[in-house]
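Take a look at the structure set out below.
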Amino acid sequence: MDLVTSPASRSDSTATRLRAEILNGTSAPGALLAESAVAKRLGVSRVPVREALFELEREGLVEFSPTGRAFVKDLTPQDFEELFVLRLALEPLASRLAAPALKEDSAKLERNLAATRRARSVQEVTLLDLEFHQIILEASGNARLLKLWRSLRGELELWLGRLHRRHQLQTRETLQETVEAHQAIIESFQSQGPAACERLMREHILGWREWLPLFP
């Protein structure tokens with residue numbers, strides 16, 4: 001008997017494909033995502049496209065104009081500054097809270113670092129970078145702190161992906177710099193106290209802020 005794909009499955013699949021195109025830069029910032037054109041290109045009806053666009057809007061990857069047209073989110077320097085301030089507030093605190101647990105067991109961070117060393121694309125580095133930080137948030141044991149960080153995840157991946165791609169074009173050192181920074185953070189968790197881990201994470205996030213001038 002043939003299985004019929006459910007509307008929910010079609011919407012999820014469409015959202016997955018559109019999300020990947022946005023995050024890897026195939027769909028450029030500010031690009032129009034016309035329902036009819038996207039539906040034709042992906043071979044689906046307009047309904048799953050519309051539902052996917054609403055989902056991606058909630059994730060911070062798509063925005064709608066007053067007339068209801070959907071566009072790939074084009075984050076501004078002001079958006080970046082706001083994300084930076086929130087990272088600076090959340091992640092050093094999470095590192096302090098997570099320090100005892102990660103000193104006891106840093107295996108997840110080490111596996112993430114090993115995967116980052118093997119990464120073959122800037123997009124892969126971006127994903128692993130965010131996973132590295134999410135592991136720390138999860139280890140903090142503070143569910144509300146983690147929830148706040150996860151609410152930023154879509155926009156963080158969008159911005160960090162753009163930063164990594166531009167940095168790679170200019171320096172060709174995105175992977176190496178990410179590996180070195182994360183190695184230092186792991187060693188801090190393994191050998192230092194909570195205050196030192198908090199301080200290093202703050203320095204790490206401040207370094208992320210310094211990449212902003214890479215954008216025109």
Side-chain angles (χ1 to χ4, degrees), residues 23 60 75 79-215:
L23 293 175
L75 293 172
D79 292 319
F80 181 95
E81 293 289 354
E82 292 178 7
L83 289 170
F84 162 71
V85 167
L86 289 171
R87 284 196 79 180
L88 195 60
L90 299 177
E91 296 196 35
L93 173 58
S95 294
R96 172 185 280 273
L97 296 175
L102 293 175
K103 187 169 189 174
E104 181 72 22
D105 182 6
S106 60
K108 285 185 178 180
L109 292 179
E110 291 172 350
R111 287 195 293 270
N112 174 280
L113 182 62
T116 303
R117 293 183 192 277
R118 298 191 299 268
R120 292 293 179 266
S121 70
V122 175
Q123 185 181 2
E124 199 176 352
V125 172
T126 299
L127 182 60
L128 288 163
D129 191 345
L130 286 169
E131 287 180 354
F132 182 91
H133 288 271
Q134 184 163 317
I135 290 168
I136 296 171
L137 268 293
E138 291 169 349
S140 75
N142 189 312
R144 289 174 176 80
L145 194 63
L146 176 60
K147 183 177 181 180
L148 284 170
W149 190 89
R150 280 178 169 162
S151 72
L152 307 173
R153 172 76 190 241
E155 289 184 309
L156 285 175
E157 189 168 352
L158 185 60
W159 249 116
L160 196 58
R162 291 182 64 192
L163 283 169
H164 279 169
R165 287 193 295 273
R166 181 63 64 90
H167 192 68
Q168 179 69 11
L169 286 172
Q170 294 192 4
T171 71
R172 300 181 182 274
E173 295 178 352
T174 298
L175 172 60
Q176 187 59 34
E177 290 185 13
T178 301
V179 166
E180 290 175 357
H182 288 184
Q183 179 67 58
I185 290 171
I186 292 174
E187 291 174 357
S188 177
F189 281 124
Q190 292 173 336
S191 62
Q192 303 294 321
C197 295
E198 179 180 25
R199 183 166 56 252
L200 182 58
M201 182 58 72
R202 182 175 298 278
E203 293 172 357
H204 181 61
I205 302 302
L206 287 169
W208 188 66
R209 167 64 179 80
E210 293 172 0
W211 284 17
L212 180 57
L214 292 173
F215 285 85

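Hydrogens, waters and symmetry mates play no part in the numbers below; they use all other heavy atoms, side chains included. In this chain, numbering begins with 1 at the start of the sequence shown.
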Any ring pair (Phe, Tyr, Trp, His ring centres under 6.0 Å) involving [range]? Give me the pairs, sequence neighbours left out, ordered by first then second residue.
range            : value
residues 100-121 : none
residues 99-132  : F132-H182
residues 97-124  : none
residues 101-120 : none

Residues that [X] engages under side chain to side chain contact (heavy atoms under 4.5 Å, CB included), provided they are two or more places apart:
X    : value
Q183 : L113, R117, E187
E124 : A119, R120, S121, L128
L97  : L93, S140, N142, L145
E155 : K73, L75, L83

Review point. Which pairs pass salt bridge (Lys or Arg N to Asp or Glu O under 4.0 Å) with one or both residues in residues 92-102, sequence neighbours excluded?
Key: R96-E198
**Study point:** Inter- and intrachain pairs under salt bridge (Lys or Arg N to Asp or Glu O under 4.0 Å), touching residues 126-150, at least two apart
**Key:** E138-R150
How far does [atom1] of [X] sit from [atom2] of [Y], to the nearest 0.5 angstrom?
X    : Y    : atom1 : atom2 : answer
R111 : I135 : CZ    : CD1   : 8.0 Å
L86  : E81  : CG    : CD    : 11.5 Å
R202 : L200 : CZ    : CG    : 11.5 Å
C197 : I186 : SG    : CD1   : 11.5 Å
L158 : D79  : CG    : CG    : 9.5 Å

Which atoms form the tightest heavy-atom contact between [X] and [Y], and what is the distance?
X    : Y    : result
L130 : W149 : O-CH2, 3.5 Å
H133 : I205 : CE1-CD1, 4.5 Å
S95  : I136 : OG-CG2, 3.8 Å
R87  : P92  : O-CD, 3.4 Å

Review point. With no hydrogens and no angle check, do the side chains of Q134 and R153 hold a donor and an acceptor under 3.5 Å apart?
Key: yes
Donor-acceptor contacts under 3.5 Å from residues 98-107 side chains, at least two apart:
| unit_1 | atom_1 | unit_2 | atom_2 | d |
| --- | --- | --- | --- | --- |
| D105 | OD1 | A107 | N | 3.0 |
| S106 | OG | E110 | OE2 | 3.2 |
| S106 | OG | Q190 | NE2 | 3.0 |

Check your understanding: Short question: side chain of S188, backbone of A184 - any donor-acceptor pair under 3.5 Å?
Key -> no
Practice item. Taking the side chain as every heavy atom from C-beta outward, state whether K108 and N112 have any atom pair closer than 4.5 Å. Key: no
Exercise for review: Evaluate the side-chain contact (heavy atoms from CB on, under 4.5 Å) criterion for residues L152 and L90: first the C-alpha distance (whole Å), next the side-chain angles of each, then the deciding distance (0.1 Å), finally the verdict.
Suggested key: CA-CA 11 Å; L152 307 173; L90 299 177; 4.2 Å; yes
Point to revise | side chain to side chain donor-acceptor pair (under 3.5 Å) partners for Q176, two or more places apart | key: E180
